[in-house]
Chemist: 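There's a structure below that I have some questions on.
Letters go in sequence order (proteins before strands), and every chain restarts at 1.
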Number of protein chains: 2
Amino acid sequence: MAQINKHLKKEQKGEDRGCCGIPGIPEPRFLKAFSDSTRLRILAHLVEAKEPQMVSEIAKNFPIDVSVVSRHLAILRDEGILLAEKQGKEVYYSVRYEFLSSIFRGFASAIESCCPSKEKSE
Amino acid sequence: MAQINKHLKKEQKGEDRGCCGIPGIPEPRFLKAFSDSTRLRILAHLVEAKEPQMVSEIAKNFPIDVSVVSRHLAILRDEGILLAEKQGKEVYYSVRYEFLSSIFRGFASAIESCCPSKEKSE
DNA sequence: ATAATAGTTGCATGATGGCACAAATAAACA
DNA sequence: TGTTTATTTGTGCCATCATGCAACTATTAT
């Protein structure tokens, strides 16, 4: 059960999480983790799986090398999106559901709270 | 008041908005729009401004060329994050608050709804 | 100890992206 | 008309990044 989430950054500890002066807006590096289609699909796969999966098992679902999947998982882990737990040879990755949903809900609120009144979209 | 939001993609029309099979998870290209720090700061600036601003006015707040700001604004506009309205020579950009908050709230819900039970984070 | 398996990391490569500068477009005005 | 101002777009440069392959580490089994 050894957690190997390297250096838990301030985001993970829920300290500031604010760039640009507006609290609630995540940092670009965090959002960048979602910007790649492969990475997003890996995340979606883990969300659907509903249970921790090891790297090689995850990699089976993607037409790319295991090393690439490993790197993507590391990026998601470093941003606190995934939790990594080592069990023997295997490393099991799982989604940090509550962390993720709270971040994005906070993002939505931060934007909405600044809404002047009604959006005059088309 | 001519809106120049090029080709309104499916996202803007609230049709599917789903990649990876899970509805509620935005497309990578949409999330990529938030991955750059300059772009995120431009967005934050507009959120704080609470009213439409023209390109040259926005650019005053950033140590980069106006052309670069224009390109960033175009990216945000193409993803439905900003609304662009041309008035004479000027183009006024504003935040689509409701659209944005609904997308991220939906993202949060999509993740949360897949949460098995309780996250076993540290 | 040796071998086998799981995962990570070093390295090279091709693609993408942010940036500055210059040119092009568009609108208001002399 | 030509000129000025606001914005967009073409181009090139440099940095970052996703990928594959190979080497390396770590753990388990023989």
Side-chain angles (χ1 to χ4, degrees), chain A residues 1-7 19-20 27-43 45-46 52-79 81-94, chain B residues 1-7 19-20 27-43 45-46 52-79 81-94:
Chain A
M1 57 161 64
Q3 295 183 199
I4 53 181
N5 292 26
K6 305 230 167 137
H7 47 89
C19 129
C20 339
E27 296 193 9
R29 196 176 49 179
F30 173 81
L31 294 167
K32 199 189 295 256
F34 301 91
S35 67
D36 180 66
S37 64
T38 302
R39 212 149 49 221
L40 201 57
R41 261 176 297 203
I42 290 175
L43 173 63
H45 172 76
L46 279 171
Q53 283 203 335
M54 45 189 275
V55 181
S56 55
E57 203 149 8
I58 298 168
K60 276 190 218 156
N61 302 273
F62 301 93
I64 54 178
D65 197 83
V66 191
S67 65
V68 179
V69 174
S70 173
R71 257 183 256 263
H72 281 308
L73 289 168
I75 291 172
L76 294 169
R77 158 176 52 78
D78 288 347
E79 293 305 323
I81 297 160
L82 299 182
L83 176 69
E85 295 172 292
K86 185 158 189 174
Q87 290 182 8
K89 284 182 294 186
E90 297 92 20
V91 177
Y92 286 86
Y93 285 89
S94 55
Chain B
M1 56 162 66
Q3 296 183 199
I4 53 182
N5 293 24
K6 306 234 166 132
H7 49 88
C19 128
C20 338
E27 297 193 10
R29 196 176 50 179
F30 173 82
L31 295 168
K32 197 189 299 254
F34 301 91
S35 66
D36 179 64
S37 65
T38 301
R39 213 149 49 222
L40 202 55
R41 261 176 296 203
I42 289 175
L43 173 63
H45 172 76
L46 280 172
Q53 283 202 335
M54 48 189 273
V55 181
S56 54
E57 203 150 6
I58 299 168
K60 277 190 216 154
N61 301 273
F62 301 93
I64 55 178
D65 197 83
V66 193
S67 66
V68 179
V69 175
S70 173
R71 256 183 259 263
H72 281 307
L73 289 168
I75 291 172
L76 294 169
R77 159 176 52 79
D78 287 349
E79 292 305 322
I81 297 160
L82 299 182
L83 177 70
E85 294 170 292
K86 185 159 189 174
Q87 291 182 8
K89 282 182 295 186
E90 297 91 17
V91 177
Y92 286 86
Y93 284 90
S94 55

Chemist: Distance check: side-chain N/O of His72(A) vs OP1/OP2 of dC17(D), anything under 4.0 Å?
Modeler: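 No, no such contact exists.
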
Chemist: Quick one: Leu40(B) CG to dG17(C) P, roughly how many Å, whole number?
Modeler: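 The answer, rounded to whole Å, is 17 Å.
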
Chemist: Please pick, from dT8(D), dA6(D), dG7(C), the nucleotide with the shortest atom-to-atom distance to any side-chain atom of Val91(B).
Modeler: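 Among dT8(D), dA6(D), dG7(C), the one nearest the side chain of Val91(B) is dT8(D).
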
Chemist: If you check every side-chain atom of Lys89(A), which of dA6(D), dC21(C), dT27(D) has the closest atom?
Modeler: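 The answer is dT27(D), which lies nearest to the side chain.
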
Chemist: Distance check, rounded to the nearest 0.5 Å: Ile64(A) atom CD1 versus Arg71(A) atom CZ?
Modeler: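 Answer for the CD1-CZ pair, Ile64(A) versus Arg71(A), is 11.0 Å.
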
Chemist: Between dA6(C) atom P and Lys86(A) atom NZ, what is the distance in whole Å?
Modeler: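 About 13 Å, once rounded to whole Å.
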
Chemist: What is the nucleic acid contact for Val68(B), judged by heavy atoms within less than 4.0 Å: base, sugar-phosphate only, or nothing?
Modeler: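 Since a base atom lies under 4.0 Å of Val68(B), the category is base.
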
Chemist: CE of Met54(A) versus P of dT28(D): gap in Å, rounded?
Modeler: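 To the nearest whole Å, that distance equals 13 Å.
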
Chemist: Taking the nucleotide of DNA chain D with the nearest heavy atom to each, does Ile75(A) or Gly88(A) sit closer to the 5' end?
Modeler: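 Whichever sits nearer the 5' end wins; that is Ile75(A).
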
Chemist: Does dT8(D) have its OP1 or OP2 closer than 4.0 Å to a side-chain nitrogen or oxygen of Tyr93(B)?
Modeler: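 The answer is yes; a side-chain N or O of Tyr93(B) sits under 4.0 Å from OP1 or OP2.
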
Chemist: Hey, is the side chain of Lys32(B) poking within less than 4.0 Å of OP1 or OP2 on dG17(C), counting only N and O atoms?
Modeler: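 Yes, Lys32(B) has a side-chain N/O under 4.0 Å of OP1/OP2 on dG17(C).
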
Chemist: Nearest whole angstrom, please: distance from the P of dC14(D) to the CG of Asp65(B).
Modeler: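 Result: 18 Å.
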
Chemist: Taking atom types as they are modelled, is there a donor-acceptor pair under 3.5 Å from the base of dG20(D) to the side chain of Arg71(A)?
Modeler: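 Yes, the side chain and the base share a sub-3.5 Å donor-acceptor pair.
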
Chemist: Taking all non-hydrogen atoms of both residues, which atom of Leu76(A) and which atom of Ala33(A) are closest, and how far apart?
Modeler: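 Looking at all heavy atoms of both residues, the closest pair is CD2-O, 3.8 Å.
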
Chemist: State which of dT19(D), dT27(D), dC19(C) makes the closest approach to the side chain of Ile64(B).
Modeler: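 Looking only at side-chain atoms, Ile64(B) lies closest to dC19(C).
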
Chemist: Less than 3.5 Å between a donor and an acceptor, one on the side chain of Arg41(B) and one on the base of dG18(C), is that the case here?
Modeler: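 Side chain to base: no pair below 3.5 Å.
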
Chemist: Out of dT9(C), dT9(D), dG7(C), which has the shortest distance to the side chain of Ser70(B)?
Modeler: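 From the listed options, dT9(D) comes nearest.
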
Chemist: Provide, to the nearest angstrom, the distance between the OH atom belonging to Tyr92(B) and the C1' atom belonging to dA27(C).
Modeler: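 So the OH-C1' distance, Tyr92(B) to dA27(C), works out to 13 Å.
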
Chemist: So, OP1 or OP2 of dT5(C): does either fall under 4.0 Å of a side-chain N or O from Ser56(A)?
Modeler: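 For dT5(C), OP1/OP2 do not have a side-chain N/O of Ser56(A) under 4.0 Å.
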
Chemist: I'd like to know if the side chain of Arg41(A) pairs up with that of Ser37(A) as donor and acceptor (distance under 3.5 Å, no hydrogens or angles considered).
Modeler: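 Short answer, yes.
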
Chemist: I'd like to check Glu90(B) versus Glu57(B) (side-chain heavy atoms, cut-off strictly below 4.5 Å). Are they in contact?
Modeler: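 No. Closest side-chain heavy atoms not under 4.5 Å.
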
Chemist: Mind calculating the distance between CD (Glu85(B)) and P (dT8(D)) to the nearest angstrom?
Modeler: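 After rounding, the reported distance stands at 13 Å.
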
Chemist: Can you identify which nucleotide, out of dA6(D), dA18(D), dG17(C), has its nearest atom closest to the Arg39(A) side chain?
Modeler: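 Side chain of Arg39(A) sits closest to dA18(D).
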
Chemist: If we ignore hydrogens and angles and just use 3.5 Å, is the side chain of Arg77(A) paired with the main-chain N or O of Tyr93(A) as donor and acceptor?
Modeler: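 No, Arg77(A) side chain to Tyr93(A) backbone: no donor-acceptor pair under 3.5 Å.
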
Chemist: What about Ser67(A), does its side chain sit under 3.5 Å from the base of dC21(D) through a donor-acceptor pair?
Modeler: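 Counting by modelled atom types and ignoring angles, a donor-acceptor contact under 3.5 Å is found here.
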
Chemist: Distance check needed: dT7(D) P versus Asp78(B) CG, whole Å only.
Modeler: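 Between P of dT7(D) and CG of Asp78(B): 17 Å.
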
Chemist: Calculate the interatomic distance between Glu90(B) atom CD and dC29(C) atom P; express it in whole Å.
Modeler: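 Glu90(B) atom CD is separated from dC29(C) atom P by 10 Å.
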
Chemist: For Leu73(A), which of Val68(A), Ile81(A), Leu46(A), Leu43(A) qualifies under side-chain contact (heavy atoms from CB on, under 4.5 Å)?
Modeler: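 Exactly one option meets the side-chain contact (heavy atoms from CB on, under 4.5 Å) with Leu73(A), and it is Leu46(A).
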
